Protein chains: 2
Amino acid sequence: MKKEVLIYGSVLGLLIIGLKFAEYRFLIHSHSFEIYAALIALLFTAVGIWAGSKFVKKKQVTVIKEVIVQAPSEFAVNENNLKHFNISKREHEVLTLMAQGLSNQEVADKLFVSLNTVKTHSSKLFEKLNVQRRTQAVQEAKKLGLVP
Amino acid sequence: MKKEVLIYGSVLGLLIIGLKFAEYRFLIHSHSFEIYAALIALLFTAVGIWAGSKFVKKKQVTVIKEVIVQAPSEFAVNENNLKHFNISKREHEVLTLMAQGLSNQEVADKLFVSLNTVKTHSSKLFEKLNVQRRTQAVQEAKKLGLVP
DNA sequence: ATCAAAATCATCCGAAAGGATGAGCTGAAA
DNA sequence: TTTCAGCTCATCCTTTCGGATGATTTTGAT
């Protein structure tokens, strides 16, 4: 930044010197003062605009634009909540299948256990999650990061 | 943008006129030309810098910074899928409450209709969504953006 | 080896859900 | 006016769920 200031300052100085020299040699004697004042004003306005834009470009405005990025692709079970609600491994399996929309019978078939077993697991799950229905259990499980 | 150009042009014009008037009245006879030329140059350089920075500020650099946003705070129903699956307004209400984990009876109470009515609605919903159970319906509805 | 937790399965019962079907009512479109 | 889709409610019946309870077996940790 300091370097730029020096450079621009020098350029301006040289321009002024050059102009004044030119005025002395070729202009001052043959034209009116007003015209040259106006020319100088215009010229240095242009120089100023150029310099000003150079300076301002440096401090660009940063606009932070929030973009919704894809949902976290890989799901990780919240082991913390699993412990907190004292949910066993088997219960978690049942919960996961339940959250996939399977019936108790289908869960039983998938896990190779009886329907009664699944009912026992799900009943305990409802207790632990403090819900009455499987739809609520699924909702809660998703909210707690227990299932995808 | 055109307005700004006009304003700045007018300001510059007025300044030049004012300066030249001042030069005539008080300055031209008592000081040397070089000093006033330099003053004019400096003044209009400043004006130019100011104008330049004004202009450049307009075309600010936009830096897009991707940020992972929690969950989409405001939910919008996917009207497209609603039509595609030919789901009526009332059915959608039932579906929404169902997705909140409510039982058919609770939905009936909320909508001030009988349990039978809710059962009819949900049955038709299952048909339309091509599912067998309410948990599956909820799953599907969420996937299709029908409910939050 | 022992003890506790987890997992398994069962029975009984009532509540909830779901399927099938029929029917009355209403508002909007043809 | 007729027609039709949507909403409502009902009945009958079957399946699924959920609660309560008790029992046996596995398993992991002390």
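None of these values were measured; they are calculated from a predicted model.
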Describe the nucleic acid contact of B:T117 in one word from base, sugar-phosphate, nothing, applying a heavy-atom distance below 4.0 Å. base
Say whether B:L115 and B:L125 are linked into one hydrophobic cluster, either directly or through other cluster members, by side-chain heavy-atom distances under 4.5 angstrom. no
Within residues 127-148 of chain A, those residues having any heavy atom closer than 4.0 Å to DNA chain D are A:Q132, A:R133, A:R134
How close or far is atom P of C:dA17 from atom CZ of B:F126, stated in whole angstroms? 9 Å
Return whichever of B:N86 or B:K119 has its heavy-atom-nearest nucleotide of DNA chain D closer to the 5' end. B:N86
When you measure from the side chain of B:E140 to the backbone N and O of B:A137, does any donor-acceptor pair fall under 3.5 Å? no
Atom pair distance, as rounded to whole Å: CG in B:L115 and P in D:dT11: 12 Å
Compare the minimum distances between each of D:dA10, C:dT8, D:dG19 and the side chain of B:S114, then state the nucleotide with the smallest one. D:dA10
Return yes if some donor-acceptor pair links the side-chain N/O of A:S123 with the main-chain N/O of A:T120 below 3.5 Å, else return no. no
Do side-chain atoms of B:Q136 reach the backbone of B:Q132 as a donor and acceptor pair under 3.5 angstrom? yes
Lys/Arg-Asp/Glu bridge criterion (N-O < 4.0 Å) met for A:K124, A:E127: no
Donor-acceptor contact below 3.5 Å, side chain B:E91 vs main chain B:S88: yes
Quick note, A:R90 side chain, CB onward, closest among D:dG19, C:dA17, C:dT8 is C:dT8
Does D:dT8 have its OP1 or OP2 closer than 4.0 Å to a side-chain nitrogen or oxygen of B:H121? yes
Under 4.0 angstrom, heavy atoms only, what part of the nucleic acid is A:T120 near: base, sugar-phosphate, or nothing? base
Nearest-Å distance, NZ (A:K89) to C1' (C:dT8)? 16 Å
Can you tell which of D:dC9, D:dG18, D:dC7 lies closest to the side chain of B:S88? D:dC7
Which residues, if any, of residues 91-112 of chain A bring a heavy atom under 4.0 Å of DNA chain D? A:S103, A:N104
Distance-only, no hydrogens or angles: does the B:K128 side chain make a donor-acceptor pair with backbone N or O of B:N86 under 3.5 Å? yes
Quick one: does A:H92's side chain have a donor or acceptor within less than 3.5 Å of a partner on A:L146's backbone? yes
Please state how far atom CG in B:N116 lies from atom C1' in D:dC13, giving the value in whole angstrom units. 13 Å
Rounding to an integer number of Å, can you tell me how far A:K124 NZ sits from C:dC9 P? 14 Å
Between the side chain of B:N78 and the main-chain N/O of B:N81, is any donor-acceptor distance below 3.5 Å? yes
